[in-house]
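The chains referred to below are lettered A, B, ... by the order of the sequence lines, with proteins before strands, and numbering in each begins at 1. This is a predicted model, so every value here is computed, not measured.
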Number of protein chains: 4
Amino acid sequence: MDYADLRESVFEANRALVREGLVTLTWGNASGADRASGVFAIKPSGVDYEALRPEDIVVLSLETGKPVRGAMKPSSDAATHLHLYRHFASVLGVVHTHSPFATAWAQAGREIPCLGTTHADHFHGPVPVVRALTSAEIRGDYEANTGAAIVESFSARGLDPLARPAALVPGHGPFAWGATVRQAVDNAVALEAVARMAVWTRVIGGDAGPLDPVLLDRHFLRKHGPGATYGQPEGGAR
Amino acid sequence: MDYADLRESVFEANRALVREGLVTLTWGNASGADRASGVFAIKPSGVDYEALRPEDIVVLSLETGKPVRGAMKPSSDAATHLHLYRHFASVLGVVHTHSPFATAWAQAGREIPCLGTTHADHFHGPVPVVRALTSAEIRGDYEANTGAAIVESFSARGLDPLARPAALVPGHGPFAWGATVRQAVDNAVALEAVARMAVWTRVIGGDAGPLDPVLLDRHFLRKHGPGATYGQPEGGAR
Amino acid sequence: MDYADLRESVFEANRALVREGLVTLTWGNASGADRASGVFAIKPSGVDYEALRPEDIVVLSLETGKPVRGAMKPSSDAATHLHLYRHFASVLGVVHTHSPFATAWAQAGREIPCLGTTHADHFHGPVPVVRALTSAEIRGDYEANTGAAIVESFSARGLDPLARPAALVPGHGPFAWGATVRQAVDNAVALEAVARMAVWTRVIGGDAGPLDPVLLDRHFLRKHGPGATYGQPEGGAR
Amino acid sequence: MDYADLRESVFEANRALVREGLVTLTWGNASGADRASGVFAIKPSGVDYEALRPEDIVVLSLETGKPVRGAMKPSSDAATHLHLYRHFASVLGVVHTHSPFATAWAQAGREIPCLGTTHADHFHGPVPVVRALTSAEIRGDYEANTGAAIVESFSARGLDPLARPAALVPGHGPFAWGATVRQAVDNAVALEAVARMAVWTRVIGGDAGPLDPVLLDRHFLRKHGPGATYGQPEGGAR
């Protein structure tokens with residue numbers, strides 16, 4: 001098995017993070033999973049995006065977390081991605097960046113409120129901040145524990161990962177995901193855009209309230225779920 | 001009828017939105033009307049701007065709102081555009097984006113005050129916020145009702161659409177328009193620029209008052225109406 | 001006389017304004033003067049920067065203000081430029097833009113304080129706000145009166161135009177100038193950069209005081225005047 | 001000796017400053033040292049980055065501070081770089097820019113607090129502000145005294161230059177450095193990014209506290225020192 005298609009899509013996703021302006025230096029990584037094959041593929045650690053080639057993408061087992069293909073060390077965040085794949089069954093793509101506005105919300109330890117339909121088109125409510133890790137969790141299996149804190153926060157609040165496809169790790173930054181690696185990238189792009197708009201909204205009017213819940217539902221459900229009407233029908237003109 | 005010229009101009013306008021930095025992902029659409037032919041043309045729904053071709057532009061009837069040309073589904077905002085064309089007789093181009101600063105003002109539910117001549121060159125007064133939709137309007141024919149709220153707000157205040165060629169839909173974002181689709185794009189660009197400048201102006205001096213009305217008139221009328229002196233004369237050197 | 005060199009340098013300066021990100025749509029213009037020939041050259045009115053060619057640059061008489069070369073109408077701001085050339089004898093280049101941060105300071109009606117050496121490298125003190133025009137001045141020869149308000153403010157405060165090569169017209173935006181058209185462009189670029197830094201400085205610490213006057217002198221005089229040590233010597237390696 | 005490799009790496013570093021958006025006009029310079037040869041190489045003064053060629057890079061003696069190779073005048077900041085090389089034995093690359101957000105913190109005279117792991121990945125604590133220069137120091141050997149103030153501040157606080165590879169000179173701007181010129185550039189890029197994020201963090205929540213020290217250690221030490229696990233092993237796949 002060479003996993004060429006999976007690696008190619010993960011390669012493209014990592015390049016898209018740069019093209020969309022979400023990445024500074026090497027701070028960011030995208031991964032994609034192939035559940036039938038029991039693997040996920042992720043960017044290697046600390047490699048320049050300019051120099052990255054599809055064959056550099058590392059493939060790891062969803063069961064053991066060990067590399068099964070690729071000569072390079074996987075991203076240091078691979079254990080976080082793995083934890084999300086193991087516990088979010090509907091998720092097939094994960095993105096981590098330090099995009100500036102989403103990271104600023106994470107650094108402030110504040111959830112990103114849903115202030116408009118741009119947000120509602122992608123996230124069915126505020127983007128949550130997960131709990132802080134304990135000192136023991138930080139000193140221990142830090143990256144896996146980061147994933148565990150995300151999963152725990154979503155589970156405790158009964159959130160559907162695909163209806164709220166991102167989380168802020170306090171003092172750290174955003175993770176986003178989706179039903180495909182392409183959707184995970186789109187959600188990371190949307191997250192940064194709404195994080196930025198929310199800052200300007202607060203500067204303009206500090207008292208701006210959350211979006212009308214009826215409008216929130218209308219926009220989210222226009223793009224997601226069985227009643228979605230946005231985009232071209234599958235098998236349609238393109 | 002193939003409406004090739006109309007589709008080409010609408011295609012160019014949609015590409016211009018990207019080039020001017022007004023579009024994230026697929027959030028935005030431009031349309032143009034041909035009143036003699038009784039149609040308007042608009043971007044298809046959810047199609048990547050990169051992949052967009054002139055022949056993808058969908059042509060709809062101004063009378064029925066139904067597609068008359070093009071294999072793809074029109075933008076989900078087509079009903080809003082249609083409503084504006086039906087009620088704003090002087091308008092031949094409409095643009096909708098989620099450009100970040102204009103959207104932030106919409107999310108804050110605040111009109112964009114006229115703080116300078118940059119604003120006055122395009123908008124003969126503040127850029128208005130229209131009324132919020134009711135729950136019934138949101139759950140019903142949402143996109144058409146968005147257009148209706150814009151028209152209603154302009155009518156109630158006695159505003160000339162070409163003298164105030166943009167509106168903010170609260171919790172949503174900006175719509176802009178013009179006497180041509182190119183002018184609609186220029187007004188959307190100007191709107192984002194003045195929305196951004198107005199944020200910085202407020203940060204610098206929270207008490208900055210509106211522009212002197214004499215200066216507002218001087219600038220708007222220098223560029224618009226019978227006494228306009230800006231630009232090259234029609235049939236001139238270029 | 002074709003004034004080819006003058007027009008070429010003014011053409012390049014106008015293109016540089018776009019490349020440096022100071023221009024939105026067609027909001028901006030650069031001019032250069034040739035005092036020996038008694039003329040100055042300026043961008044035509046409302047022409048796209050993309051389409052601009054050196055032969056489109058309009059040449060006007062410094063004495064009469066009338067075009068002496070070029071088929072197009074000059075920029076509507078030509079009368080402001082002319083006034084500055086007539087009264088600031090050391091100035092050979094003028095730039096007007098609506099660059100966003102400098103314009104925000106102008107809209108707030110506040111001078112840009114000298115908060116650091118970046119500012120001091122180009123401006124020997126705060127960038128002044130000139131007085132507002134009266135209603136009669138706005139309704140009358142508006143563009144020339146704008147130039148007159150700048151000259152009057154500099155004269156009243158005893159400012160040397162080359163030591164303070166920019167001014168903010170309140171509710172309007174910045175004008176910058178220099179001993180050459182290239183220097184005028186550089187000063188417009190520096191003005192926008194320091195205007196932006198000054199906004200962030202105020203956000204970080206509202207009480208940040210002005211730069212130590214000793215440091216202000218050190219930096220300004222390192223780059224300007226008889227004791228300047230910056231850059232390569234004339235006739236040097238390049 | 002032609003120092004071709006050293007000049008090439010310093011040339012590349014100076015170009016990288018532009019590519020990374022840290023430079024306006026000619027405000028910035030990078031240098032690199034070769035201690036075995038007793039020299040450092042730096043950008044010439046006031047030369048356009050566009051026109052810069054590797055052979056323009058000036059080589060100076062670490063002992064005398066005098067040029068030993070290159071026909072052009074070195075950057076006016078060469079004396080600051082020299083002082084840092086003389087006193088920070090582990091440093092082989094130095095970068096000075098006026099990047100806007102880092103400069104804004106310097107202008108506000110405030111250290112950049114460590115608000116998140118992005119910061120902790122590069123700086124093992126706040127980015128310090130060094131003491132202001134006295135009038136005598138400004139009027140005297142200003143550039144060398146700037147270096148002396150940096151060294152003195154690090155020495156007084158017992159800071160390891162490679163664990164805190166940047167400093168803010170109040171009212172002026174940032175200096176960054178590293179164990180190679182490439183690392184100095186990366187640290188200057190990281191500095192601007194965290195300076196920017198810190199501004200937005202303060203705007204979102206003015207009371208955001210510093211990062212948990214356990215998390216700070218975890219991130220810094222994951223990338224630096226004997227226990228570092230980030231990136232590919234030396235002599236590894238690439």
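With a threshold of 4.5 angstrom between heavy atoms, B:H219 approaches chain C through side-chain atoms but not through N, CA, C or O. With a threshold of 4.5 angstrom between heavy atoms, C:T24 approaches chain B through side-chain atoms but not through N, CA, C or O. Interface remark: C:S75 contributes no atoms to any contact with chain B (heavy atom separation under 4.5 Å). Neither the backbone nor the side chain of B:A120 comes within contact range of chain C, judged by heavy atoms closer than 4.5 Å. Interface remark: C:E137 contributes no atoms to any contact with chain B (heavy atom separation under 4.5 Å).
Checking side-chain atoms of B:R196 against main-chain N and O of C:P100 turns up no donor-acceptor pair under 3.5 Å.
Residues C:V47 and B:Q232 form a side-chain contact, since some pair of their non-hydrogen atoms from C-beta on lies under 4.5 Å apart. When side chains are defined from C-beta on, C:Y142 counts as touching B:L215, because their heavy atoms get closer than 4.5 Å. Side chains of C:H98 and B:T117 form a contact here, defined as non-hydrogen atoms less than 4.5 Å apart.
Other residues, nucleotides and ligands place no more than 12 heavy atoms under 6.0 Å from the CG atom of B:D5. Counting non-hydrogen atoms of other residues, nucleotides and ligands closer than 6.0 Å to CG of B:D160 gives a total above 12. Atom CD of C:E63 has 12 or fewer neighbouring heavy atoms from other residues, nucleotides or ligands inside a 6.0 Å radius. No more than 12 heavy atoms of other residues, nucleotides or ligands shown are found within 6.0 angstrom of CZ on B:R182.
In this structure, C:R139 CZ and B:D217 CG are separated by 8.0 Å, a value rounded to the nearest 0.5 Å. Considering OG1 of C:T26 and CG of B:D186, their distance stands at 8.0 Å, rounded to 0.5 Å. Between atom CG of residue B:L115 and atom OG1 of residue C:T103 there is a gap of 11.5 Å, rounded to the nearest 0.5 Å. Within the model, atoms OG of C:S45 and NZ of B:K223 stand 8.0 Å from one another, a figure rounded to the nearest 0.5 Å.
Between B:I204 and C:A108, the closest heavy-atom pair is CG2-CB, 3.7 Å. Nearest heavy atom pair, residue C:R110 against residue B:G205, reads NH2-CA, 3.5 Å. Of all non-hydrogen atoms in B:L211 and C:G171, the two that sit nearest each other are CD1-O, 3.4 Å.
Taking the six-membered ring where tryptophan is involved, the planes of B:W200 and C:F101 are essentially parallel, since the angle between them stays under 30° and well short of 60°.
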